[in-house]
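Every number for a ligand or one of its atoms is a count from 1 in the order of the listing.
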Amino acid sequence: MRIKLMAANWKMYKTPDQTRDFFRDFLPLVSGHTRDEIVVCPPFLDLSAALEAAQGSKVAIGAQNVHWKEEGAFTGETSTIMLLAYGVTHVIIGHSERRQYFGETDDTVNLRLKTALEAGLTPICCVGEVLEEREAGSTDDVLRRQCTRAFHAISAKKAARLVIAYEPVWAIGTGKTATPEIAAEAHAVIRNEAGRAFGEDFAEKLRILYGGSVKPDNSSALMAQEEIDGALVGGASLDPKSFAAIVKY
Ligand code: PGA
């Protein structure tokens with residue numbers, strides 16, 4: 001049995017005050033909820049407010065990106081050491097918006113992933129096809145390539161904390177959700193790749209989240225799929241009631 005991970009990706013939304021307001025309203029809604037793990041990933045500047053607000057609760061806090069060097073002349077970047085010093089436990093890596101708009105490649109995803117795992121952070125590594133790739137029938141190839149490149153030169157032992165998020169790019173922020181069956185099929189491809197890279201036992205335990213227009217009204221159908229081990233939620237995670245409803249599906 002894999003414990004589901006319900007993750008909020010706030011992207012570039014909320015100030016520290018809005019972050020505090022969110023936790024004030026959200027925490028009572030999930031206080032008795034022990035079935036799933038919950039993580040909220042706010043923008044860097046809200047991490048401090050989020051960590052303080054979530055203290056003493058079961059809600060973990062994650063970042064949305066991390067650099068692969070511990071320190072150096074890399075203006076605008078943030079390292080694992082900084083995140084760990086704050087008390088951050090999770091980090092999103094290779095989100096499609098970073099791939100699309102900020103030059104993220106399969107190789108930089110691999111570098112970030114390696115570093116995050118070595119530092120003891122729990123990476124949520126995102127993969128997923130764009131619409132043209134799905135329509136051309138190359139979804140499986142894209143997922144295999146993204147996984148192989150992301151997992152390059154990482155041992156099963158090092159990868160123990162790895163979490164993958166399958167996010168079909170055509171479903172992100174569009175209101176179009178992959179059907180539970182489409183998602184489950186993609187998850188099976190990813191699990192198979194993880195099996196090739198890290199062994200069957202590892203693949204069996206690997207958590208693969210689904211992301212892309214997850215809402216309170218589709219969360220339970222998605223989470224009912226055995227292959228789906230949680231959700232990475234963007235838009236619908238900004239509202240405490242809506243994210244709580246998704247978590248409690
Ligand atoms: P969405 O975003 O839920 O707004 O579609 C998901 C994501 O990008 O992680």
Any N/O of T174 closer than 3.5 Å to an N/O of ligand 1? no
With no hydrogens and no angle check, just 3.5 Å: does a side-chain donor-acceptor pair link E129 and Y166? yes
Mark up the atoms of ligand 1 that fall under 4.0 Å of a heavy atom belonging to G235, in ascending order. 1 (P), 3 (O), 4 (O)
Should we say atom CZ of R196 is surrounded by more than 12 heavy atoms from elsewhere, each under 6.0 Å from it? no
Give the numbers and elements of all ligand 1 atoms closer than 4.0 Å to a heavy atom of H95. 7 (C), 8 (O), 9 (O)
Can you list the ligand 1 atoms lying under 4.0 Å from a non-hydrogen atom of S213? 1 (P), 3 (O), 5 (O)
Give the atom numbers and elements of ligand 1 that come within less than 4.0 Å of a heavy atom of L232. 6 (C), 9 (O)
Using the side chain to side chain contact (heavy atoms under 4.5 Å, CB included) rule, take T105 and R99 through it: C-alpha gap first, then chi angles, then the decisive distance, then the call. CA-CA 6 Å; T105 65; R99 294 180 191 253; over 6 Å; no
Between H95 and Q100, is the side chain to side chain donor-acceptor pair (under 3.5 Å) condition met? List the steps. CA-CA 9 Å; H95 189 278; Q100 242 178 315; over 6 Å; no
R35 to Y249, cation-pi by 6.0 Å centre distance and 45° axis angle: yes
Output the list of atoms in ligand 1 that are nearer than 4.0 Å to some heavy atom of G212, sorted by atom number. 5 (O)
Please say whether V233 places an N or O atom under 3.5 Å from an N or O atom belonging to ligand 1. no
Checking heavy-atom distances from atom 5 (O) of ligand 1 to each of G173, G211, C126, G234, the winner is G173
Atoms of ligand 1 close to A171 [distance to a heavy atom under 4.0 angstrom, numbered from 1]: 5 (O)
Using side-chain heavy atoms (C-beta onward) and a distance below 4.5 Å, is K14 in contact with L238? yes
Measure up the F243 and F22 rings against each other and bin them: parallel (under 30°), tilted (30 to 60°), perpendicular (over 60°). tilted
Under 4.5 Å between side-chain heavy atoms, counting indirect links through other Ile/Leu/Val/Met/Phe/Trp/Tyr residues: same cluster for V40 and L47 or not? yes
For ligand 1, does I172 get within less than 4.0 Å through its side chain, its backbone, both, or neither, judged by non-hydrogen atoms? both
Is it the case that over 12 heavy atoms from other parts of the model lie below 6.0 angstrom from the CG atom of L84? yes
Considering only heavy atoms of E167, which atoms of ligand 1 have at least one such atom less than 4.0 Å away? 6 (C), 7 (C), 8 (O), 9 (O)
re atom 2 (O) of ligand 1, the protein heavy-atom contact at minimum distance is K11 NZ, 3.3 Å
Check if K215 has a non-hydrogen atom at a distance under 4.0 Å from any atom of ligand 1. no
